[in-house]
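Input: a single structure, listed below in structure tokens.
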Amino acid sequence: MNTVTGSGECPECFDQVELKDVMQNEIVQCSSCGADLEVTSIDPIKLELAPEEEEDWGE
Amino acid sequence: MIRASIVGGSGFAGGELLRLLLAHPEIEVAQVTSNRQAGSFVHFTHPNLRGQTTLKFCLPDELQPCDLLFLALPHGEAMGRIEHWKSLAPKIIDLSADFRLKSAEEFKTWYGEDHSAPEALDQFVYGLPEITREELKSADLVSGVGCNATCLNLALLPLMGTDLVDWSRGVIAEVKVGSSEAGAKSTDASHHPVRSGSVRSFAPTGHRHTAEVQQALGWHNVSNDVHMSATAIDMIRGVLGTLHLFANEGVEERDLFRAFRGRLKDEPFVRMVKERKGLYRYPEPKILSGSNFADVGFDYDPKSGRIVIISAIDNLMKGASGSAVQAMNLMFGWDEATGLSFPGLHPI
């Protein structure tokens, strides 16, 4: 399986997310905002928000 | 070692300052004064310092010369004897409001009295390192900061001096504050059955710290149209600021992220908090208790252009004694974070 090391832009907070040996479709987390991100492409590296269950904090 | 003394050490800010200085590797605390508690061990007033020191409070007139004098007196009492304090130490940090504003006219407008030492106003450097870091490095006289003003100034810091904001539309800010802001002396209004559980608007307009925010914005050459309201809530330490301002046409959320991240990345005590995961996704003062950190985050409504900035500090730390120690570190050329590494508690 092909893997890649590098960085991609978080689509949520626009910070650079450092990636190490990640595969296509792997889920990673942005260290700045905590968003779960799917590696949708490794050449070039592209990150998209992974589906996430919304919380309503009981409100 | 630098010998430092505290004038007015029986209040909350004085006690917090003493806690920080006793643990500071470069400081020997020489004397701590209190008119009310003179002769008594300091740990009977500040019980968290039990076993940390054998210092007793002394009277102000018993002060000996030292290297650095902290003034933690009620507002108005530092300026009245400033020449006397200067005769005791070559460097002074005054935590009160007496020397925060550069203009004697502004002082009179907000504090309702003439300044008794207007000639000294220009000699003091405003003690918020995030704004006056370079001046502090060569300063001998430093003013403290207002806690609510600091919460708002640090919230605005990433956008000050940028063209992302339509400053002509002003800044509207609300602070929710803990009871320790009111000081160590009790009043009828602070009596537990009255104060506990209350959500008390105590300064819908006219809060004095507004002047410090206006002053800081003025230093960054942007409109200083600031409107502030303050509400006391059921919390002991902490300030939560919520600020509303409007973006210029065409500004995107990405631009705000870049501005916040770019301005805060090298600040040792101001953190950006805007998260999709976690227990507190925006700044929360509770977890900052006892720490010198300030947390700042924002949200943006692109339809209306409204930017909402949220900021949190511990009023006694970043809003008073923590910033004072941070300023001291800069004045003496030490690492800015010396003695200030405590990250706070969770849960608390």
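Chain letters run A, B, ... following the sequence lines, proteins first, then strands; residues in each count from 1. Values in this document were obtained by computation on a predicted structure and should not be read as measured data.
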Are there residues of residues 22-31 of chain A that reach to under 4.5 Å of chain B by heavy atoms, and which ones?
->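 The list, in residue order, reads A:Q29.
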Hey, which residues of residues 37-48 of chain A are touching chain B, say heavy atoms under 4.5 Å apart?
->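 Within residues 37-48 of chain A, near chain B: nothing under 4.5 Å.
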Taking NZ, NE, NH1 and NH2 as the nitrogens, is one of them in A:E12 or B:K274 under 4.0 Å from a carboxylate oxygen of the other?
->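 Answer for the salt bridge query: no.
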Got a salt bridge between B:K277 and A:D36, using NZ or NE/NH1/NH2 to carboxylate O under 4.0 Å?
->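 Here B:K277 pairs with A:D36 in a salt bridge, since their nearest N and O are under 4.0 Å apart.
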Heavy-atom closest pair, residues A:S32 and B:R261 |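 Heavy atoms of A:S32 and B:R261 come nearest at CB-NH2, 4.0 Å.
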Rounded to the nearest 0.5 Å, how far does SG of A:C33 lie from CE of B:M272?
->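 Reported to 0.5 Å precision, the distance equals 8.5 Å.
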